[in-house]
Amino acid sequence: MEMEKVRIRQQVLLDHLRPAHFPKASKDLVASVCAAGDSAAYERAAEFGDDVVIVAAYRTPICKAKRGGFKDTLADDLLAPVLKALIDKTGLNPVEVGDIVVGTVLAPGSQRASECRMAAFYAGFPETVPVRTVNRQCSSGLQAVADVAAAIKAGFYDIGIGAGVESMSVAPLAFEGSVNPKVEIFRQAQDCLLPMGITSENVAERYGVSRQDQDQAAVESHRRAAAATAAGKFKDEIIPVETKIVDPKTGDEKPVTISVDDGIRPDASLSVLGKLKPAFKKGGSTTAGNSSQVSDGAGAVLLMKRVVAMQKGLPILGVFRSFTAVGVDPAVMGVGPAVAIPAAVKAAGLEIDDIDLFEINEAFASQFTYCSQKLELDPEKVNVNGGAIALGHPLGATGARCVATLLHEMKRRGKDCRFGVISMCIGTGMGAAAVFERSGAVDQLCNARPIKDHTSLSRDAQ
């Protein structure tokens, strides 16, 4: 009887500590140990109203630049459909959005900023919703999501959109203008101007990644992407785009609806890829077949405070847990994820083994292979639905695309998948990574493990 009174007093105390607008997690006190290393005499529940959550994430199909389905589609016409989908599919009043941040890389900054603002109007956003762009090269889409998450956490607004767009069909890939002659006396500054393919060759040479290993990674990327497409796994994240195809000979326009990625090669094999010549260096190992595709596409992610999502009755796809950007040697910029992932995982209070899924951008098979091996990642956890070698890499959109792909896959896996990581290398020598947690529901951890030393507990609890 006395123990029952103690239990009731403890429950009353917990109820006082719990925010009033959240339901009770459990009627009973349950001791649990989380894979993240915490231990407490209550059921582990994510009941923090200021958590930043993702309630929707969509992307366009990814198409081959200059010859794919979006070769005649302008960037603003790529971005508008995914922005509109966020509103249409959630029922959110667009006037409530505090900011739209769009990652984009190749187009002149002022022009692309105008195009993104135009896309917001096409999508139905009122003039009161601001738009800006961000460029951290290949991580720009993820940076946009992180910027919005940080702004929400800081209290600047409660609802925001992180997005990304790239039309590599229309944007130049070359360095424009003259180069500062001062670059000649700074080796690392010189290396910032290296072609990305040469940095891939540098990674392969410095870290001993063979041509066969690179080709094998490429084959696996196509195999997994083809299997995911056949199984309909991308349908929940892809927004079909109504556009046009222009016949280059006659100029005739044909209306089309693009609904699938068009760069996947289901028949990719080691024998086929082995016949390709090095693309960047004589005697090298980086080819068109084991590099990411030059692509067109867009993606968008709707974020808000957890309390706002709950008040609106919106399902929570995931929780934004951490983000880290790091610097590495520009000559081997592809190693970025090997440095960024451990930093982001540590910032989230986790360990690499706690992560259930990884989306690592396959800029080149050389760097993707090196990073996976360096971190000793389980191949069955990494790019389970293929990566950029098969799907494509529209520079500014890739981060947002990865968020959509990761969170929808985590949703499919349910309780067997709690934490996911997105990462990519970045031109000029950087890496970025972010950690996401599946959903906001209270559940028992199925990936929990015992811990030997309860150093996080108070002395009397030990």
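In this chain, numbering begins with 1 at the start of the sequence shown.
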Beyond-backbone contact of [X] with [Y], side-chain heavy atoms, under 4.5 angstrom:
| X | Y | result |
| --- | --- | --- |
| Val319 | Arg306 | yes |
| Leu302 | Ile159 | yes |
| Arg413 | Leu357 | yes |
| Phe368 | Gln214 | no |
| Val148 | Tyr157 | yes |
| Asp77 | Tyr122 | yes |
| Val307 | Asp50 | no |
| Phe419 | Val345 | no |

Point-to-point distance, once rounded to the nearest 0.5 Å, from [atom1] of [X] to [atom2] of [Y]:
| X | Y | atom1 | atom2 | value |
| --- | --- | --- | --- | --- |
| Lys411 | Leu406 | NZ | CG | 13.5 Å |
| Lys89 | Ile239 | NZ | CD1 | 4.5 Å |
| Met304 | Ile161 | CE | CD1 | 9.0 Å |
| Gln293 | Glu362 | CD | CD | 10.5 Å |
| Phe125 | Arg117 | CZ | CZ | 11.0 Å |
| Thr398 | Asn361 | OG1 | CG | 5.0 Å |

Verify side chain to side chain contact (heavy atoms under 4.5 Å, CB included) between Asp262 and Phe70, making sure each step is shown before the conclusion. CA-CA 10 Å; Asp262 68 13; Phe70 292 143; over 6 Å; no
Can you find a side-chain donor-acceptor pair between [X] and [Y] that sits under 3.5 Å?
| X | Y | value |
| --- | --- | --- |
| Glu237 | Thr405 | yes |
| Asp213 | Thr369 | no |
| Arg112 | Thr133 | no |

Using a 3.5 Å distance criterion without hydrogens, assess whether the side chain of [X] forms a donor-acceptor pair with backbone atoms of [Y].
| X | Y | answer |
| --- | --- | --- |
| Asp356 | Arg418 | yes |
| Asp215 | Gln212 | no |
| Glu359 | Cys402 | no |
| Arg412 | Lys233 | yes |
| Gln367 | Met333 | no |
| Asn383 | Ile360 | yes |
| Arg265 | Val219 | no |
| Asp296 | Ser169 | yes |
| Ser221 | Ala217 | no |
| Arg438 | Cys417 | yes |

Val102/Val134 under side chain to side chain contact (heavy atoms under 4.5 Å, CB included): CA gap, chis, key distance, verdict: CA-CA 6 Å; Val102 185; Val134 60; over 6 Å; no
Taking all atoms of both residues into account, what is the closest heavy-atom pair of [X] and [Y], and its distance?
| X | Y | result |
| --- | --- | --- |
| Ile352 | Leu375 | CG2-O, 4.4 Å |
| Leu78 | Ser167 | CD1-CB, 4.3 Å |
| Phe364 | Ser291 | CD2-OG, 3.3 Å |
| Ala298 | Val165 | CB-CG2, 3.9 Å |
| Ala57 | Ile54 | CB-CG2, 4.4 Å |
| Gly431 | Ile426 | C-CD1, 3.7 Å |

Residue that, paired with Ser140, satisfies side chain to side chain contact (heavy atoms under 4.5 Å, CB included) out of Thr104, Leu395, Val105: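 The side chain to side chain contact (heavy atoms under 4.5 Å, CB included) with Ser140 is passed solely by Val105 among Thr104, Leu395, Val105.
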Centre-to-centre under 6.0 Å for Phe436 and Phe320, is that the case here?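 Centroid separation for Phe436 and Phe320: below 6.0 Å.
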Given the rule in the side chain to side chain contact (heavy atoms under 4.5 Å, CB included) test, do Asp51 and Lys305 qualify, once you have shown the distances and angles that lead to the verdict? CA-CA 6 Å; Asp51 272 348; Lys305 281 186 178 180; over 6 Å; no
Should we count NZ of Lys346 as having more than 12 external heavy atoms under 6.0 Å?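 Counting other residues, nucleotides and ligands, NZ of Lys346 stays at 12 neighbours or fewer.
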Count the heavy atoms belonging to other residues, nucleotides or ligands that lie under 6.0 Å from NZ of Lys71, then report whether that count exceeds 12.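 Yes.
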Where do Lys381 and Glu409 land on the salt bridge (Lys or Arg N to Asp or Glu O under 4.0 Å) test, with the steps shown first? CA-CA 11 Å; Lys381 291 183 176 183; Glu409 181 61 27; over 6 Å; no
Closer than 4.0 angstrom, basic N to acidic O: yes or no for Arg59 and Glu166? no
Is the shortest distance from a Lys or Arg side-chain nitrogen in Arg132 or Asp147 to a carboxylate oxygen in the other one below 4.0 Å? yes
Working for side chain to side chain contact (heavy atoms under 4.5 Å, CB included), residues Arg206 and Asp329: CA-CA 12 Å; Arg206 187 177 299 185; Asp329 183 354; 3.4 Å; yes
I'd like to check the side-chain hydrogen bond (donor to acceptor under 3.5 Å, both in side chains) partners of Ser259; sequence neighbours left out, ordered by chain and number. none
